[in-house]
Protein chains: 2
Amino acid sequence: MGRLANGGITLHPELMSTKDQIITAADILFYAGSIREVSVERIAEKAGVTKKTFYYHFQSKDELVATYLEARLKPTIERYQKWAGLEGALADRIERMFNMLAASAEKQTWKGCGFLRAAVELADSPGHPALAVARRHKAAFEEWLADDIRSAGFADAFSLARMIMVLLDGAVARMLVQKDPSYARDAAKAARLLLESQTARRPVYTD
Amino acid sequence: MGRLANGGITLHPELMSTKDQIITAADILFYAGSIREVSVERIAEKAGVTKKTFYYHFQSKDELVATYLEARLKPTIERYQKWAGLEGALADRIERMFNMLAASAEKQTWKGCGFLRAAVELADSPGHPALAVARRHKAAFEEWLADDIRSAGFADAFSLARMIMVLLDGAVARMLVQKDPSYARDAAKAARLLLESQTARRPVYTD
DNA sequence: GTCTATACACAGATAGAC
DNA sequence: GTCTATCTGTGTATAGAC
């Protein structure tokens with residue numbers, strides 16, 4: 001199996017604790033490569049510490065993997081929320097989110113969803129702590145979508161949120177396999193059609 | 001990282017060539033576990049041969065991985081075709097396919113799509129021969145869907161096929177992460193809504 | 001074509017000094 | 001809290017006999 005060269009990205013030790021430096025290094029290497037392929041040694045090296053220091057801060061590689069995903073939770077959901085924005089009708093906002101995803105996937109550095117990739121890579125270790133983090137992330141994401149859809153006055157927000165989650169993860173999966181970002185545009189179209197298929201109830205302003 | 005115990009499934013050496021025994025063993029272990037986690041040693045052991053014999057038949061593990069996916073191509077697409085069946089309207093056939101996928105995902109042994117998982121696991125090795133096989137499989141699948149949709153008289157079969165592919169891979173991804181087979185039912189519902197959103201042209205019988 | 005034995009690199013994790 | 005040095009297991013792949 002192939003080996004990845006060190007990306008050579010420099011961190012900023014003066015701004016971070018040793019532990020955060022390790023997490024940042026792990027984030028870069030795990031996302032650019034893969035969890036199993038990147039060794040503790042390489043992470044420690046990139047963080048500018050030794051393995052001994054690494055094992056002072058983390059009990060095991062598995063713990064680091066879970067921490068790595070944990071650190072991605074908030075930034076990831078906030079990125080999608082920013083993509084959707086607050087302007088316009090729900091269908092437009094969802095479409096914008098998918099189109100921004102497509103644009104993001106066009107970048108060389110795009111390697112799919114870290115949570116989905118972790119879940120796949122660790123599919124053979126059902127008890128791995130990182131799997132719980134991935135599930136939690138996706139559940140929170142779906143909840144955000146459902147709240148948003150409900151606020152826009154749609155009747156079956158729960159079901160619509162689940163369908164849009166399927167489209168999101170599906171778009172990521174298709175783009176990852178086929179290396180073709182346009183699948184996110186198909187997903188955007190599908191999301192719009194699904195939203196339009198529901199009767200949008202206007203929110204009731206009681207005042 | 002954890003280790004999987006040997007599944008203990010017995011093969012049928014009398015019915016297969018040595019090479020096929022190795023491929024069958026690899027199929028079982030790679031799908032139940034993961035590509036990177038399963039060693040050549042374990043595959044050889046399960047196939048009842050030594051490592052030397054393995055390397056007589058395959059140049060490398062990478063070659064075996066590609067061959068393993070290659071062997072899954074035909075059975076996989078035929079399974080989905082069987083699920084869809086030939087009876088009923090297109091929307092019913094597509095819905096049946098998704099519902100059968102949900103039923104399949106309920107089984108303990110279900111671990112997602114071997115092609116998608118391979119693509120994710122090998123995302124850090126862009127030149128890996130198995131990635132080309134995965135792309136080829138998904139492209140062939142999409143083509144089958146498009147042909148089927150076109151035959152049913154739908155105008156934009158190309159676009160519909162792409163959207164349904166997104167729903168398929170999305171359902172698999174959601175089920176894999178959340179361990180909740182009901183996402184395939186959401187995908188089924190979405191597929192039906194998308195098909196209904198298009199004006200279904202009746203096929204023209206010229207005789 | 002299949003075997004036993006082994007080369008060689010690298011993984012995760014630890015020992016003990018400072 | 002961080003270092004150098006090392007233990008132990010396992011990985012892919014190969015040598016040479018039969």
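The basis for the numbers below is simple: all heavy atoms, side chains too, and nothing from hydrogens, waters or symmetry mates. Bear in mind the structure is a predicted one, so any value in this text is a computation, not a measurement. To find a chain, count down the sequence lines: A is the first, B the second, and so on, and within it residues start at 1.
Considering CD of E142(A) and OH of Y183(B), their distance stands at 3.0 Å, rounded to 0.5 Å.
To the nearest angstrom, P of dT12(D) lies 11 Å from NE2 of H128(B). Whole-Å rounding puts the I22(B) CD1 to dT12(D) P distance at 14 Å. The nearest whole Å value for the distance from the CZ atom in R36(B) to the C1' atom in dT10(D) is 16 Å. Distance CD (E41(A)) to P (dT4(D)): 12 Å, rounded to an integer number of Å. At whole-Å resolution of the value, NZ in K19(A) and C1' in dG1(D) are 13 Å apart. Computed from coordinates, the E45(A) CD to dC10(C) C1' distance equals 13 Å when rounded to whole Å. Atom CD in E63(A) sits roughly 15 Å away from atom P in dG12(C) (whole-Å rounding). As a whole-Å value, the separation of F58(A) CZ from dA13(C) C1' is 15 Å.
In this structure, the nucleotide among dT2(C), dT6(D), dT12(D) sitting nearest to the side chain of K51(A) is dT6(D). The side chain of H57(A) has dT2(D) as its nearest neighbour among dT2(C), dT12(D), dT2(D). Among the nucleotides dG1(D), dA13(C), dA11(C), the one closest to the side chain of Y56(A) is dG1(D).
Residue-environment remark: CZ (F158(A)) stays at or below the threshold of 12 foreign heavy atoms within 6.0 Å.
When the side-chain nitrogen and oxygen atoms of T50(B) are compared with OP1 and OP2 of dT4(C), none of them lie within a distance under 4.0 Å. When the side-chain nitrogen and oxygen atoms of Y55(A) are compared with OP1 and OP2 of dA13(C), one or more of them lie within a distance under 4.0 Å. At the phosphate of dG11(D), OP1 or OP2 sits under 4.0 Å from a side-chain N or O atom of S39(B).
L193(A) places a side-chain heavy atom less than 4.5 Å from the side chain of M163(B).
Using bins of under 30°, 30° to 60° and over 60° for the plane-to-plane angle, the ring pair F115(B)/H137(B) lands in the parallel bin.
We find that R162(A) and D180(B) are joined by a salt bridge, their nearest charged nitrogen and carboxylate oxygen being less than 4.0 Å apart.
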